[in-house]
2 protein chains.
Amino acid sequence: MHEEWLEELLKFSEEDGKFSEKQLKILEAAIEMFAEKGYAATSTSEIAKRAGVAEGTIFRHYKTKKELLLAIVTPTLFQSVAPFLVKEFVKEVFEHQYEHYEDFVRTVWKNRYKFVKKYLPAIRVLWQEIAFHAEIKKQLEAVFTEHVYEKFKKIVEYFQERGEIADFPVESVIRLTITTIAGFFAARFLLMPDYDWDDEAEMERTIQFLMNGLRKKEA
Amino acid sequence: MHEEWLEELLKFSEEDGKFSEKQLKILEAAIEMFAEKGYAATSTSEIAKRAGVAEGTIFRHYKTKKELLLAIVTPTLFQSVAPFLVKEFVKEVFEHQYEHYEDFVRTVWKNRYKFVKKYLPAIRVLWQEIAFHAEIKKQLEAVFTEHVYEKFKKIVEYFQERGEIADFPVESVIRLTITTIAGFFAARFLLMPDYDWDDEAEMERTIQFLMNGLRKKEA
DNA sequence: TTTTCAAGTGAGTACTCACTCACATTTTAT
DNA sequence: ATAAAATGTGAGTGAGTACTCACTTGAAAA
């Protein structure tokens, strides 16, 4: 029984893509249980039981429980910012792949929507544990400054020069864009997953809101 | 030694305001440690040590560790939506206390800004543990539908009728307003507390963004 | 075939956990 | 002053906890 979504998530893993059947079962069980009850409240014996594996097998693959957590969280973190890891990403903007900031936002939105739907439990683990583990927070900061910030900045400046979006500081434009999109995802999937959402309509409204909010005012 | 901020936070507590010195010490220590390491990773013996109290004393006041958590989280939850608990709150809007939606947003913003600065650790505990404890999530949902939603709805409809904000569904306007404000607070106090923020300027920009985003477009 | 080695096992280890209880002290009611 | 109630104590308890280790298994390398 192959866990395809899992193996895809683990692409950014440090291990060389060689995961045994039992190891995948361990990771799958750990993701589920960490997402439900949290890392600290989940015991390795429970994980072993759910994975159908002896407890010792976990520690054959991961020296400590925390190492198992990081084996889940690190790939998820990289997948979270995956669009920005693509080399041609910024180039596409400058080569008029995206005529407006809105086209760029729409592309990122749809891409991340699929991502969240696919890997929701792993994303939960990442966001729940980030508050308690300094290593994870540092990793996020590093990934953001190295891979996201500079690229995002160039894109924002490009559309600011064309007079399309307001002359807020770049950091503010980035923050407003991210919190608007992330705000939807948080409400949609974390806070009110059972509410009767019309995802398409809500996306349209939210993007309209974002673009009007960022639009440059005539002097 | 009196913990004034704590006693104020606990106003919404079920207990009748009679907290012994040691009980306050226990609550203070628990808030700090739960905020830092999380509920599950904090032991009652550690809390007792930091509070300068015997472990048994904790269980004299709270039957279980979870009851101690709820004694922190429930008052914080009510304080979080405190403006909406004031009876005259909606009336003020209709009696032209707030001429524009923007005035209303500004008032709430400043009020909640002070609140977050004052009680940050307790708020951390609430938001970190909400994911793991169904009781807390249910409490939040109940408080929101009972005290926040209906009042917020009336305010939004009032300004929609006056043609001041767009004819999005009320739920969407509420969501966009809350996620925009909460997005700032999350970035400011949770994700990047060490960044060099200009709070006044960022508030101005964010409110400008929010109002432009929600403004009704001419037909 | 024989050797080697990674993968898997589960009983065992030292330790921590939330919680209890018999008793001591302080506060309040009579 | 005395009884009664509330508050505080800390050693004790049994059920876990993360992790170890001597051992087994199966498949590939020599």
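Computation of the quantities below employed the complete heavy-atom set of this structure, encompassing side-chain atoms and omitting hydrogens, waters and symmetry-equivalent molecules. Chain letters run A, B, ... following the sequence lines, proteins first, then strands; residues in each count from 1.
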Separation of [Y] [atom2] from [X] [atom1] (nearest 0.5 Å):
X      : Y     : atom1 : atom2 : result
A:S43  : A:K37 : OG    : NZ    : 6.5 Å
A:M33  : A:Y39 : CE    : OH    : 14.0 Å
B:L126 : B:I31 : CG    : CD1   : 11.5 Å

A:R112 to A:F115 six-membered ring, cation-pi geometry met (6.0 Å, 45°) =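 Geometry flag: set, cation within 6.0 Å and 45°.
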
ask   = Tell me: CZ of A:F19 to P of C:dA6, nearest whole Å?
value =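 For the pair A:F19 CZ and C:dA6 P, the rounded distance is 17 Å.
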
ask   = Starting at CG of B:L68 and ending at P of C:dC19, how long is that distance when rounded to a whole Å?
value =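 For the pair B:L68 CG and C:dC19 P, the rounded distance is 10 Å.
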
ask   = Who are the side chain to side chain contact (heavy atoms under 4.5 Å, CB included) partners of B:E171, not counting sequence neighbours?
value =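 A:Y195, B:Y149, B:P169.
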
ask   = According to the ring pair (Phe, Tyr, Trp, His ring centres under 6.0 Å) rule, which pairs have a member within residues 54-84 of chain B, sequence neighbours left out?
value = B:F12-B:F78, B:F84-B:F89, B:F84-B:F152

inquiry  = One character per nucleotide, please: for nucleotides 20-30 of chain C, 5' to 3', B when the base has a protein heavy atom closer than 4.0 Å, S when only the sugar-phosphate does, - otherwise.
reply    = B-B--------

When you compare the side chain of [Y] with that of [X], does any pair of heavy atoms fall below 4.5 Å?
X      : Y      : result
B:L191 : A:L140 : yes
A:R50  : A:E46  : no
A:L210 : A:L214 : yes

query = What does B:S20 touch in the nucleic acid at a heavy-atom separation under 4.0 angstrom: a base, only the sugar-phosphate, or nothing?
reply = sugar-phosphate

query = Among residues 30-41 of chain A, which residues get a heavy atom nearer than 4.0 Å to DNA chain D?
reply =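 Residues of residues 30-41 of chain A that come under 4.0 Å of DNA chain D do not exist, since none gets that close.
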
request  = Kindly state which residues belonging to residues 43-52 of chain A come within less than 4.0 angstrom of DNA chain D, counting heavy atoms of the residue only, listed by number.
outcome  =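 Of all residues in residues 43-52 of chain A, the ones placing a heavy atom under 4.0 Å from DNA chain D are A:S43, A:T44, A:S45.
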
key: Residue closer to the 5' end of DNA chain D, A:K66 versus B:Q23 (nearest nucleotide)   =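 The 5'-side residue here is B:Q23.
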
query = Just by distance, do the side chain of B:T74 and the backbone of B:A71 share a donor-acceptor pair under 3.5 Å?
reply =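 No.
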
ask   = Should we say atom NZ of B:K154 is surrounded by more than 12 heavy atoms from elsewhere, each under 6.0 Å from it?
value = no

query = With the threshold set at 4.0 Å, does a side-chain nitrogen-carboxylate oxygen contact exist between B:R106 and B:E102?
reply =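 Salt bridge: yes.
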
ask   = Which nucleotide span of DNA chain D, 5' end to 3' end, has atoms closer than 4.0 Å to non-hydrogen atoms of chain A?
value = D:dT17 to D:dA22

key: B:W109/B:F104 aromatic ring centres below 6.0 Å   =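 Between B:W109 and B:F104, the centre distance exceeds or equals 6.0 Å.
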
